[in-house]
Amino acid sequence: MVRRLCAVGAILCFLNLVLKVRDVVAVTKENPRVCIVGAGYSGLGAARYLKDYGVDNFKIFEATKHIGGTWRFDPHVGTDEDGMPLFTSMYENLRLNTPKLTMEYVGYPFPEGSQSFPTGVCFHKYLKRFAKDFDLIKHIQVDTKETRTEDCDFVVISNGEFSSPVWPKFEGLKLFKGKIIHSHDYKDPEYYRNRRVLLVGAGPSGLDLAMHLSNVTAKLVHSHHLKYNQPFFSDTYVKKPDIRKFTSNGVYFQDNSFEQVDDVIFATGYDFSYPFLDKSTGITATGKFVLPLYQHTVNIRHPTMMFVGVLQKVFNCVKEAQGEYAAALIAGKFKLPSQEQMLKVWMTHVHDVMAKGSSIIDVNDIPDSTGMYYYFGNLTAEAGIYRRPKVFSAIRDHTVQFRLENLLTFRDYDYKIIDEEHFVKWYNPRPGNPCPFDE
Ligand SMILES: Cc1cc2nc3c(=O)[nH]c(=O)nc-3n(C[C@H](O)[C@H](O)[C@H](O)COP(=O)(O)OP(=O)(O)OC[C@H]3O[C@@H](n4cnc5c(N)ncnc54)[C@H](O)[C@@H]3O)c2cc1C
Ligand SMILES: *[C@@H]1O[C@H](CO)[C@@H](O)[C@H](O)[C@H]1NC(C)=O
Ligand SMILES: *[C@@H]1O[C@H](CO)[C@@H](O)[C@H](O)[C@H]1NC(C)=O
């Protein structure tokens, strides 16, 4: 399982180092130049708020030729048609796993009456429409393959968090002769038709692929340790515990049972990845954590650098709030506390994480729904940004549980917020419902 990467003592050691460094804190400049990294949901959201706050001197740098980030389905595997690495992890027939109201930008909902769990393709169309309607396209610099240097007064980093696959290590894995992929590279079930497939992991991708594959494969062997209300997938679906070791044609599990399989899919999650940040940024980023960030957003050592999307286990719309917070800071709507004060706040957070028995790898998590509500509250109290009402906490509590209890049907419900604290949901299956953004 997760390794304890850092003991409390080691963190304090690290902090002493940080505290010795004094930086010049952000300037308020007439017309600051802002550089946003990545044109996905987070980058586009931040850009919209820059415009709202009257900052027009910004550019979104996008590593691919496309906008919409991970929501764009690309049939290529590994690299795109230009040989550039593919960041998107989208697959065919994906539908949202959280109701769309957790992902819609403020004041920019889907049309009334559209289903709560549209396809990923549809959500991508929504993002493209958003970029167009807020006149963001002209600010986006897509990949040109040339290298040049840009000066930026502020940098907003929003390069996504689900692009760098976690590859688990197992004894004998090298011996295995079949095809092995990570769910990052999974596109559609066709290759797996009538084959015996080992699927590893039961996070959102693992459970989704179990549904997509179980009636296609000759046998689907699913290794995971999630406790949930497992539905009937198919007669050929087999649940297995964690893996012990691989052989050339199969796999042993912790209960010593063996299964012969043709292919393996690791749905084993993603690491943070900031290959473009060097030491001078003052950020410690590993695959598992990014620190020290004030309000999970501001680089404490260089407060002109902000991160959108590092915070985990919260609804997508938190990324939008972080984008608004960053924009408000850049526009000079509020001032950050001193670096000492920011570190103090951050250390209190680290202390709380540790006190709960977690380790430093949880430093970017808000594990419960009240935490998410208070996080919105903290951003609002400091920066005056829009606060999502309490009902979002109720929706988070409900949907996380409901999905695990009704895996095959949870997307057949529609959700509606009725007031600050309450929502309603009703059964309304609409397979093949058209996307409201189709031309
Ligand atoms: C398969 C899948 C399903 C998901 N389903 C849901 C869901 O149902 N509900 C939900 O709430 N969340 C879901 N998510 C989470 C999803 O990550 C967020 O919804 C959100 O889209 C993330 O947006 P982002 O802009 O932070 O990152 P991304 O969408 O990853 O966008 C990042 C952008 O940055 C670009 N980029 C990367 N590196 C660089 C660089 N060095 N320079 C310039 N640009 C760079 C990328 O090309 C990309 O365009 C899902 C994620 C995945 C992978
Ligand atoms: C697979 O097909 C069977 C029989 O039609 C059905 O009962 C089951 O729900 C299907 N499985 C999934 C995951 O859709
Ligand atoms: C800020 O967060 C803390 C910790 O979660 C919480 O106790 C506090 O009430 C929050 N502030 C607001 C205004 O919500």
Side-chain angles (χ1 to χ4, degrees), residues 35-46 60-74 80 84-91 94-103 117-120 123-124 127 140-143 157-165 183-184 186 203-205 207-216 220 231-237 267 269-270 273-277 295 307-310 312 314-320 322-323 345 348-349 352 366 368 370-382 387 396 399 403 407-409 411:
C35 299
I36 299 177
V37 180
Y41 175 92
S42 300
L44 295 172
I60 309 179
F61 294 92
E62 168 51 50
T64 67
K65 286 200 295 205
H66 312 274
I67 70 166
T70 206
W71 292 98
R72 185 181 66 89
F73 175 78
D74 193 311
D80 68 11
M84 300 300 284
L86 269 180
F87 295 101
T88 174
S89 301
M90 199 51 38
Y91 41 85
L94 176 137
R95 285 173 70 187
L96 303 201
N97 58 38
T98 55
K100 69 180 188 322
L101 59 84
T102 67
M103 308 191 61
F117 294 88
T119 62
F123 194 73
H124 185 226
L127 290 177
I140 301 172
Q141 168 75 64
V142 295
D143 173 48
I157 297 176
S158 49
N159 62 318
E161 74 230 271
F162 300 117
S163 299
S164 177
S183 58
H184 172 65
Y186 172 84
S205 305
L207 291 180
D208 232 22
L209 294 200
M211 288 190 275
H212 289 213
L213 290 167
S214 49
N215 273 333
V216 173
L220 186 64
F232 172 76
F233 285 106
S234 77
D235 289 328
T236 55
Y237 174 94
Y270 295 91
S273 176
Y274 297 98
F276 47 85
L277 294 183
Q295 299 277 41
F307 290 75
V308 173
V310 171
Q312 302 294 294
V314 289
F315 280 152
N316 211 46
C317 55
V318 166
K319 303 187 209 307
E320 183 190 18
Q322 293 176 329
V345 172
T348 306
H349 165 69
D352 289 350
I366 288 190
D368 59 63
T370 14
M372 182 172 79
Y373 177 65
Y374 286 132
Y375 179 65
F376 279 125
N378 278 264
L379 294 186
T380 302
E382 185 177 15
R387 182 180 194 175
R396 184 183 186 265
T399 51
R403 184 174 71 92
L407 186 66
L408 299 185
T409 56
R411 291 181 173 97

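One-based numbering, in listed order, for ligands and for the atoms of each.
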State the atoms of ligand 1, each with its element, that fall below the 4.0 Å cut-off from a heavy-atom position in [X].
X: Leu94; result: 1 (C), 3 (C)
X: Leu96; result: 8 (O)
X: Ser158; result: 32 (C), 34 (O)
X: Ser89; result: 1 (C), 53 (C)

Nearest option to [atom], as decided by whichever heavy atom of [options] sits closest:
atom: atom 53 (C) of ligand 1; options: Ile157, Asn159, Thr70, Ile67; answer: Thr70
atom: atom 4 (C) of ligand 1; options: Phe162, Phe87, Trp71, Phe276; answer: Trp71
atom: atom 35 (C) of ligand 1; options: Arg95, Glu62, His184; answer: Glu62

Residue by residue, ordered by chain and number, which ones reach under 4.0 Å of ligand 2 with a heavy atom? Met211, Ser214, Asn215, Phe233, Leu408
side-chain hydrogen bond (donor to acceptor under 3.5 Å, both in side chains) with Tyr270: of Ser163, Ser164, Ser205, Ser89, only one passes, and it is Ser89
Asp208 side chain near Tyr91 side chain, heavy-atom distance below 4.5 Å: yes
Who passes ring pair (Phe, Tyr, Trp, His ring centres under 6.0 Å) against Phe87, sequence neighbours left out? none
Closest non-hydrogen protein atom to atom 39 (C) of ligand 1, residue and atom name please, with distance? Ala63 CB, 3.7 Å
